[in-house]
Asks: 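Sharing a structure with you now.
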Amino acid sequence: MNKAVFIDRDGVVNSDEGHYYVYRVEDFVFNPDIEMALSLLKKAGFKTILVTNQGGVAKGEYDMEEVQLLHNYMQAQLEKYGAQFNAIYVCPHHHSVSVCDCRKPKPGMIYQGIRDLNIDPRKSFLIGDADRDIQAGQAAGLRACFKVKKNSSILAQVEHIISISDKA
Ligand SMILES: [Mg+2]
Ligand SMILES: [Zn+2]
């Protein structure tokens with residue numbers, strides 16, 4: 001089985017400053033150190049899995065094609081550093097429109113990643129910037145979940161995850 005780090009997108013991978021919803025390439029700004037943090041995780045043997053709520057799709061603010069185009073751009077940029085995500089899961093729903101099993105704090109996207117990439121949750125972690133990210137990771141039975149400050153570097157948390165993982 002594989003080990004993984006599940007990672008929230010807006011506020012963690014990219015800045016969400018000034019934008020309630022980020023869906024245009026020109027609004028997508030990587031947060032500090034993210035390329036290095038993701039490539040360190042991959043070198044340490046982790047699968048990196050993006051799990052992102054995009055309720056703006058359900059509300060009709062943008063569509064899944066725009067999300068896909070943005071993620072193609074993100075992956076192409078990260079690939080230059082060997083830092084592209086191994087898998088990406090998007091919840092396009094919003095509770096004001098319909099109920100689903102994937103919108104965090106529900107663990108549906110994490111469960112999907114666990115199944116698709118043969119992940120052992122007890123060896124896996126989550127990094128997010130909202131309580132609902134942490135709740136989703138805990139509901140999925142991950143080993144530990146780390147809440148980080150919005151739009152800041154996650155390098156310290158990544159180094160910590162790698163150091164405790166080596167000892168396991
Ligand atoms: Mg976030
Ligand atoms: Zn959903």
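All ligand and atom numbering here is 1-based and tracks the order in the structure. Index from 1, following the sequence.
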Asks: Return yes when atom CZ of Phe30 has more than 12 non-hydrogen atoms of other residues, nucleotides or ligands closer than 6.0 Å, and no otherwise.
Replies: yes
Asks: For Glu61, look at atom CD and say whether over 12 heavy atoms of other residues, nucleotides or ligands are found less than 6.0 Å away.
Replies: yes
Asks: side-chain hydrogen bond (donor to acceptor under 3.5 Å, both in side chains) with Asp101: which residues, sequence neighbours excluded?
Replies: none
Asks: Using atom types as modelled and distance alone, determine if a side-chain donor or acceptor of Gln75 lies under 3.5 Å from a backbone N or O of Phe85.
Replies: yes
Asks: Are Lys147 and Asp131 within salt-bridge range, i.e. N to O under 4.0 Å?
Replies: yes
Asks: Indicate, with yes or no, if the rings of Tyr62 and Tyr21 have centres closer together than 6.0 Å.
Replies: yes
Asks: Just jot down the side-chain hydrogen bond (donor to acceptor under 3.5 Å, both in side chains) partners of Asn118, sequence neighbours excluded, or say none.
Replies: none
Asks: Measure up the Phe125 and Phe146 rings against each other and bin them: parallel (under 30°), tilted (30 to 60°), perpendicular (over 60°).
Replies: parallel
Asks: For Lys42, is the NZ atom crowded, meaning more than 12 foreign heavy atoms sit under 6.0 Å from it?
Replies: yes
Asks: The Zn ion (ligand 2): which protein N, O or S atoms are under 2.8 Å away?
Replies: Cys91 SG, His93 ND1, Cys100 SG, Cys102 SG
Asks: For the Mg ion (ligand 1), what is the number of protein N, O or S atoms at a distance under 2.8 Å?
Replies: 3
